[in-house]
Amino acid sequence: MSQQEPPAAPEDTPHGDPWQAFSQIVAGVLLYGGAGWLADRWLGTSYLVAIGIVIGAGLSLYAVVKQFGHVPPSSPEK
């Protein structure tokens, strides 16, 4: 019995776990939203939690794109 190798994946397929990207985004929103909530409680304001959520979402989306968005250069076809 000979074992067959699985077909090679194309180079343009994304690598990485989508659940990791999702969890990074959720963690960023929760972390910065929580920091905003604590700052609201400490300063007696009511808008810092919203600012924290927006900043957390933006930074975590940036981190996900930075980590998973890299597309390797393709070789020139002749």
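Everything numeric in this text was worked out from a predicted model, so none of it was measured. Position 1 is the first residue of the sequence, and the numbers go up from there. Side chains are part of it too, since the values below use all heavy atoms of this structure and drop only hydrogens, waters and symmetry mates.
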Establish, from distance only, whether the side-chain atoms of Thr45 and Asp40 form a donor-acceptor pair under 3.5 Å. yes

Across all chains, not counting sequence neighbours, the side chain to side chain donor-acceptor pair (under 3.5 Å) partners of Ser23 are none

Residue set satisfying side-chain contact (heavy atoms from CB on, under 4.5 Å) with Ala35, at least two apart, ordered chain then number -> none

Besides Ile53, the hydrophobic cluster formed by Ile, Leu, Val, Met, Phe, Trp and Tyr side chains linked at under 4.5 Å, directly or via other members, contains Val29, Trp37, Leu38, Val49

Members sharing Leu43's hydrophobic cluster, built from side-chain contacts under 4.5 Å between Ile, Leu, Val, Met, Phe, Trp and Tyr, are Leu31, Tyr32, Trp42, Tyr47, Leu48, Ile51, Ile55, Leu59

Residues passing the ring pair (Phe, Tyr, Trp, His ring centres under 6.0 Å) test with Phe22, sequence neighbours excluded, are Trp19

Quick note, side chain to side chain donor-acceptor pair (under 3.5 Å) partners involving residues 52-66, not counting sequence neighbours, are none

